Structures are given as structure tokens and as C-alpha cells.
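Notes follow once the structure below has been shown.
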Amino acid sequence: MSKESLLECLNPQQREALLYTEGPLLILACAGSGKTKVVAHKFAYLLKAKKFPASSILALTFTNKASKEMRERVLSLTGKDIGDSWIGTFHSQCSRLLRKEIRPLGYKTDFSIYDEDDQCTLIRHILREFRFHEALYKGVAAKISSLKSSLIGPEEFLSTGDGFGFDEKLAKVYLRYQSELKRCNALDFDDLLGLTVTLFEKKPEILEKYRERFAYILVDEFQDTNYAQYRLLRQLGSGGRNISVVGDDDQSIYRFRGADVNNVYRFEKDFPGAKVMRLEQNYRSTQNILDVAYAVISKNPTRKPKKLWSGRQGGEQVFHCWLADEEEEARHVAKTIKELYLKGEYEFNDFAVLYRINMQSRSVEEALRDEAIPYHIVGAISFYQRKEVKDIIAYMRLVLNRSDNVSLRRVVNSPPRGIGAATLSKMENEAKKKSLSLFEVIRSAVKANGVTSAVKEKLEGFIQVIEQLASRKYRTAADLMRDIVEKSGYRECVDVERAENIEALIASSHETDLRDFIDRVSLFSGLDEPAKDKSVSLMTLHGAKGLEFPVVFITGLEEGVLPYFKALDNQDEVSEERRLFYVGMTRAKEILWFTGASRRKLYAKFQDQQASRFLADIPKKCCCWIEKTKAPQVSRAVRPGSDSKKPAFPYVAGCRVRHPKWGVGVVRDCYGDGEEQKVMVNFPNIGIKKLVLRFANLEKI
DNA sequence: AAAACTCCTCTTTTT
DNA sequence: GAGGAGTTTT
């Protein structure tokens with residue numbers, strides 16, 4: 001495509017954003033305003049008109065899907081070979097960089113990458129060793145991850161500790177976790193970002209090298225950056241360098257993962273001289289849908305003001321229907337889909353049903369089945385999460401990096417080799433004493449007759465398999481995987497289905513280079529969705545980001561569901577729930593339905609539901625209200641939970657209390673009412689106690 | 001290795 | 001109130 005035609009298919013604002021190529025630029029792009037298009041076109045423009053080499057542009061996205069799309073778009077716009085360009089996710093580009101440069105930080109370049117599962121496994125292991133409450137591993141992992149994504153190290157965290165023992169324990173686990181990772185020569189997802197930042201800090205000459213290499217930085221979905229990512233961008237892009245970030249603060253919905261919208265608000269300050277532009281024309285939805293979405297989102301207190309307008313004037317009203325319970329709600333959705341389908345204007349794949357929590361899919365699925373409507377759930381269990389797939393990958397990682405103790409523990413007894421916990425913990429103690437890897441310790445134990453002959457034989461078998469695999473030079477991942485299933489005896493011990501999944505894994509690697517394949521699967525959440533033909537899409541509101549459908553249903557518009565009850569006592573979180581709703585609404589091109597129910601079964605009990613406060617913000621003229629059951633009481637936004645029937649609890653789960661006898665503990669649950677209000681509190685070293693509030697004499701701290 | 005048990009979670013989840 | 005995962009028991 002010529003330089004001129006690159007510009008032709010853009011509107012004036014998009015063109016301006018593309019042509020502005022000197023210094024920092026923040027592009028605030030509303031939903032459906034073509035931001036991905038602008039980023040891709042800008043990349044192409046930099047190549048074509050500005051004659052930048054592809055390798056001098058760093059283009060960062062959040063998902064593999066987005067980076068793949070960007071790559072394809074740039075390729076089709078320019079026809080140029082962009083094979084060596086730095087287009088990719090933050091994580092993949094950091095791992096690429098660290099594979100070259102990590103040595104000064106004391107890791108080897110063949111490091112393993114641990115995903116969340118591996119991270120949990122390791123943390124659990126540490127908790128067990130410290131004799132801490134092992135079952136809390138998930139919370140501990142989440143907390144450590146959030147500290148890491150904010151670049152807070154264990155020592156720094158400890159210095160801000162609460163002084164009651166919780167944070168000290170956590171810091172101890174955190175510290176150990178980091179040293180275990182290093183011992184395994186492994187990085188978790190947060191390390192990929194955090195260690196890149198650390199590397200740049202410790203080795204300014206390396207930073208300088210990359211600052212020179214990258215003549216231009218492009219960032220998509222900027223509102224989703226966490227602190228580490230923001231720091232990285234500042235390191236590479238500060239000082240008036242060329243950086244364009246594109247994002248929409250109204251679509252920031254990953255706060256719980258460490259994303260910080262404030263990065264959008266900080267940009268102008270931290271990148272002095274930054275130009276701010278807006279893309280406000282929406283190419284997706286009808287004006288009526290946008291009016292509704294805008295009415296809701298504009299109620300958020302801190303947001304960059306933006307207008308939102310469509311070339312598609314008018315459009316149908318938005319529909320809202322209130323029903324008796326979730327089953328009726330689901331039936332209503334299914335019937336409406338059927339009706340629209342039978343009119344012949346829509347195919348089944350034009351419909352999406354969105355919900356706040358996965359649990360809500362159940363009733364919808366049943367109703368769709370009853371109506372014989374084909375559907376699929378987006379974002380269900382991922383291929384790479386399967387046990388057999390993870391096992392094979394763990395074998396590969398161990399072969400490539402024999403320090404990888406987590407992978408070793410995973411595969412040492414699978415298939416069953418009779419190597420039990422006792423043997424392993426003995427080896428582990430040895431390993432710690434001699435500061436060697438588990439693999440080395442096992443190998444020397446076999447040689448030195450350190451164990452009984454029966455055990456020795458078993459260990460020897462395992463060591464031989466790994467050494468044999470490691471001694472060969474494999475070019476492709478497929479070759480190694482085939483040998484693994486053969487030589488390890490894995491093939492014999494799995495059922496047909498699992499064997500098929502392994503075959504699928506091998507097939508999916510094509511002829512990829514071994515190292516590339518490992519990195520790809522480590523940084524990949526799911527196999528490319530095989531384009532489901534002609535069926536209704538079911539997904540969470542989070543899962544819907546970036547997608548669009550002619551007809552969208554948003555279900556469960558009730559207080560406690562959307563906004564979700566856990567978000568209710570925090571203003572920032574309610575704002576995020578509102579953004580989530582906004583993201584859902586702006587997925588719709590033509591028809592948008594809201595549904596809610598008076599009664600819903602949530603966590604094993606039926607609950608009476610009230611209409612979501614967000615519905616109160618929708619202008620009456622835009623919306624057609626259909627009431628199949630008694631009119632809902634629409635909650636007013638200005639009334640934070642004041643009319644709930646039950647007396648409010650002085651505590652919420654997660655807060656800390658002091659007990660006269662047991663000291664400080666964490667509240668895990670509150671239940672019962674009136675005189676019978678009870679709390680469940682976890683006291684360190686004592687365990688969980690259930691207390692009646694009236695008698696317990698607790699003090700909030 | 002299967003069965004029984006215990007304990008935990010129960011929001012969202014780009015990598 | 002169900003499902004998952006781990007541990008202990010047989």
C-alpha cells in the first residue's frame with residue numbers, strides 16, 4: 001500500500017495521530033474508534049514514509065492475539081518482511097531481551113519461565129517447609145505477584161510491615177520464593193517485567209543500547225499497564241523520545257491484576273511535552289447504544305473527558321427486561337435469540353451473551369440447549385493448562401534447564417516410578433545443604449550409593465532418561481517431545497484422550513525451533529480459538545474486551561452481581577465495575593439487551609436481588625423497559641448500601657482484629673445476624689476460630 | 001492405587 | 001452446597 005493510501009482510509013483525527021511522530025504522544029481512543037487500526041497504520045507509516053527499519057520499532061501489546069493481529073496488519077499494509085521486528089507482548093519482548101542480557105543479574109540465559117501454576121506449586125512448597133498454613137497459597141501467590149508487579153521487593157515490603165506478624169511471614173515467604181526461583185534459574189511472569197527494569201537500572205549501558213536501538217515505541221491498551229510496565233516505558237521512552245501510547249481509561253478493567261489507570265493520567269507529567277489526542281468517533285455501534293453507554297460511563301468521577309459519537313445515527317432502543325429468577329432470565333435470552341434468528345436477519349454467531357461471573361453461564365447454557373441453539377463458551381479451560389500438556393512441557397524445561405527443580409518435582413514421578421515424598425525430601429535437604437540443584441543431587445546420590453539399592457534403581461532410571469534426552473541435539477520441539485513420550489514411558493501411562501492431546505501439542509509445534517516453542521507455550525494462555533462456526537458466544541464481560549457483536553445481551557444487572565458485591569465498599573472498585581459494564585455495552589453494534597432477576601441463587605443460597613444502580617443512569621428515552629415480573633426497585637447511586645435490611649457488620653473478610661486472648665487475626669468470614677452475628681477469624685499459630693460477636697470482645701485494627 | 005477424609009474456595013484472569 | 005485438591009487410610 002502506498003504512503004498516500006495508508007492515510008486515505010483514516011479519518012482526520014486518526015490521520016493526525018499517525019502523522020505526529022516526534023516526541024511523546026497519548027492517544028485517548030474511545031471504544032470502537034479504530035485504535036488497533038491506528039497503531040498498525042502508524043507502524044506501517046513509520047516503515048514506509050519515515051524509512052525506519054522494522055527492527056527499530058518496539059510495538060507492545062498485552063495479548064498474543066493482539067500482537068499477532070498487529071503483525072498481520074502491518075504485513076498486509078506494507079508487504080515488507082517484518083520478521084525481526086519487536087512486535088509482541090510486554091512479556092514476550094522482555095523475555096527476548098533477557099534471553100540475551102540477563103547474565104549480569106545472576107541468571108543464565110536458558111532460564112525457565114514459570115506460569116501461575118508453577119508459581120503456586122513453588123509457593124506451596126515453601127509454605128509447607130515453613131509450616132505455614134499451606135492452604136492459603138493462592139492468596140499468598142496473589143499478594144506476592146501484586147508486590148512484584150509494583151516493583152516492591154521483599155525487603156522494602158518488610159519495612160512497611162504491619163508489625164503483627166502477617167506481613168513478616170509473607171515477606172519471609174516472598175524472600176524465599178525469589179531465592180528459590182533463582183536457584184531454579186527460573187523467572188515468573190512478573191520477573192520478566194521486573195528483572196528487565198532492574199537490569200536497565202543496574203546496567204545503564206544496556207539501557208542505553210536499547211534506547212538507541214528503538215527509534216520508536218508504540219503501546220496498545222496503555223490503560224492496562226501495571227507499575228512495572230510503566231517504569232519500563234519510562235526507562236526506554238523518557239527524555240522526549242518517540243513514544244505513542246494508545247488507550248482508553250474508560251476501558252480499564254484489570255485493576256485486580258495490577259493494572260493502574262493512573263498511568264494514563266500520569267503520562268503527561270512523566271513524559272514532558274506530551275501531546276494528547278482523542279479518537280472519539282465510533283465505527284461500531286448505533287448512536288443510541290453509544291448514548292446509553294456514555295450516560296453510564298460519564299458518571300465516573302475521575303476520567304479523561306471524551307465525547308463519543310457514531311456515524312450510525314439513531315438505531316433501536318436499548319432493551320431492558322426484568323424477570324423472576326435466573327432461569328427465566330436465561331429462557332428470555334434464549335427465546336429472544338431464537339426470535340431474531342428466525343426473522344432471518346442474524347446468524348447465531350452474531351449473538352453474544354455476557355455476564356459478570358462464570359457461574360452465570362450455567363442457566364444460559366441450559367436454556368440455549370432447550371431451544372437447540374448452538375453456543376460455545378469463550379475462555380474456558382485452556383489447552384495449555386491440561387495436566388498432560390504441562391507435564392510434557394515440564395520435561396522439556398528440565399531437559400533444557402536442569403536446575404529447574406519445580407519441573408523436576410512435577411515429572412520425577414509421572415509416569416509413576418515409585419519415587420515418593422520421602423526420597424524426594426531427603427534429596428531436597430541434600431540439595432539445600434550443598435546448594436546444588438535437585439537433579440545434581442539425585443545424580444550424585446545414584447553414583448555414590450547414598451541410597452538403598454531399590455531407590456537407587458528408580459532414581460537412576462529417571463536420571464538416565466533426562467540425560468539421554470539432554471545429550472541429543474534437537475532442532476525442533478516436535479522431535480524432543482516425541483522422544484519424551486517414548487523414552488520417559490509417559491505414553492504407556494496415559495489414556496486415549498490424553499495421548500490425543502499430546503499429539504495435538506506436538507502437531508501444534510509444527511517445525512518450530514525448540515527454544516522458540518518453549519517460550520511461546522510458556523507465555524501463551526490458550527490455543528488459537530478454532531473459529532467456532534455459527535454459534536452464540538458466551539463469555540464474561542472481561543472476556544468480551546476487544547470484540548464486537550451485532551446483538552449483545554448483558555445478564556445479571558443486579559446489585560451484587562454487576563456491580564459485584566465484593567466491590568461495593570470501595571469507590572474505585574465500583575468505578576471499575578461501571579467500566580466493565582461500559583465495555584460490555586460498547587461491544588454491541590445494533591441491538592443491546594439488559595436483563596436482571598429478582599431472585600438468584602448465589603453460593604448455595606437464594607438471594608433477593610435489586611436492580612443494578614447503573615440502570616438508573618440510563619436516559620429513559622433511550623431504553624425500552626419490559627417487565628415480566630414486579631417492577632424492580634432501581635437503586636440510586638448516591639446511597640452506598642444504606643438501606644440493606646441486615647445490620648452492617650463492623651468487619652469485612654480480610655480485615656484485622658485483635659482478640660484479648662489470641663492476639664491479632666484476620667477475619668475470613670462474617671455471617672449470621674442480630675444477636676447471632678459471628679465471625680470466622682484466622683489467628684496465626686492458633687488457627688481458625690469462630691466467634692460470636694457479642695461475646696468475643698474484638699477490637700478492630 | 002483407590003477410597004475416604006479434610007480443607008478450601010466460591011470475581012474478573014491479557015502473560 | 002459443590003467441586004477441587006491434597007492427605008491419609010486401606
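Chain letters run A, B, ... following the sequence lines, proteins first, then strands; residues in each count from 1. Atom set for the values below is all heavy atoms of this structure, side chains included, hydrogens, waters and symmetry mates excluded. Note that this is a predicted model, so its numbers are computed, not measured.
The side chain to side chain donor-acceptor pair (under 3.5 Å) with K545(A) is formed by just one residue from the set T586(A), T63(A), D224(A); it is D224(A). When each of L557(A), V333(A), I554(A) is checked for a side-chain contact (heavy atoms from CB on, under 4.5 Å) with T595(A), only V333(A) meets the rule.
Rounded to an integer number of Å, the gap from D115(A) CG to dT14(B) C1' is 14 Å. Per the geometry, NZ belonging to K138(A) stands 11 Å off P belonging to dT11(B), to the nearest Å. Straight-line distance from the NZ atom of K601(A) to the P atom of dG1(C): 7 Å, rounded to whole Å. One interatomic measurement links the two molecules: CE of M359(A) to C1' of dA2(C), which rounds to 11 Å at whole-angstrom precision. Going from atom CD of Q229(A) over to atom C1' of dT14(B) covers 10 Å, rounded to whole Å. Rounded to whole Å, the distance from CE on M539(A) to C1' on dT13(B) is 15 Å.
Close to dC10(B), at under 4.0 Å from its OP1 or OP2, lies no side-chain N or O of N358(A). OP1 or OP2 of dT11(B) has not a single side-chain nitrogen or oxygen of T540(A) nearer than 4.0 Å. Within the structure, every side-chain polar atom (N or O) of Y254(A) is placed at least 4.0 Å from both OP1 and OP2 of dT14(B). Not one side-chain nitrogen or oxygen of N64(A) sits closer than 4.0 Å to the OP1 or OP2 atom of dT14(B).
Heavy atoms of E221(A) sit nowhere under 4.0 angstrom from any nucleic acid atom. In this structure, R124(A) reaches the sugar-phosphate backbone alone: every heavy-atom distance under 4.0 Å involves primed, P, OP1 or OP2 atoms, never a base.
Here F594(A) and F581(A) bring their ring centres to under 6.0 angstrom of each other. For F130(A) and H125(A), the ring centers sit 6.0 Å or farther from each other. H91(A) has its ring centre no less than 6.0 Å from the ring centre of F62(A).
For DNA chain B, the stems formed by at least three consecutive Watson-Crick or G-U pairs, with both atom-pair distances below 3.5 Å, span B:1-10 with C:1-10.
Because its NZ or CZ atom is both nearer than 6.0 Å to the ring centre of F111(A) and within 45° of the ring axis, R99(A) counts as a cation-pi partner of that residue.
For dT15(B), the base is not stacked against the aromatic ring of F62(A), per a cut-off of 5.5 Å between centres and 30° between planes.
Between R579(A) and E576(A) a salt bridge is recorded (basic side-chain N to carboxylate O distance below 4.0 Å).
Among the nucleotides dT15(B), dT7(C), dT12(B), the one closest to the side chain of E116(A) is dT15(B).
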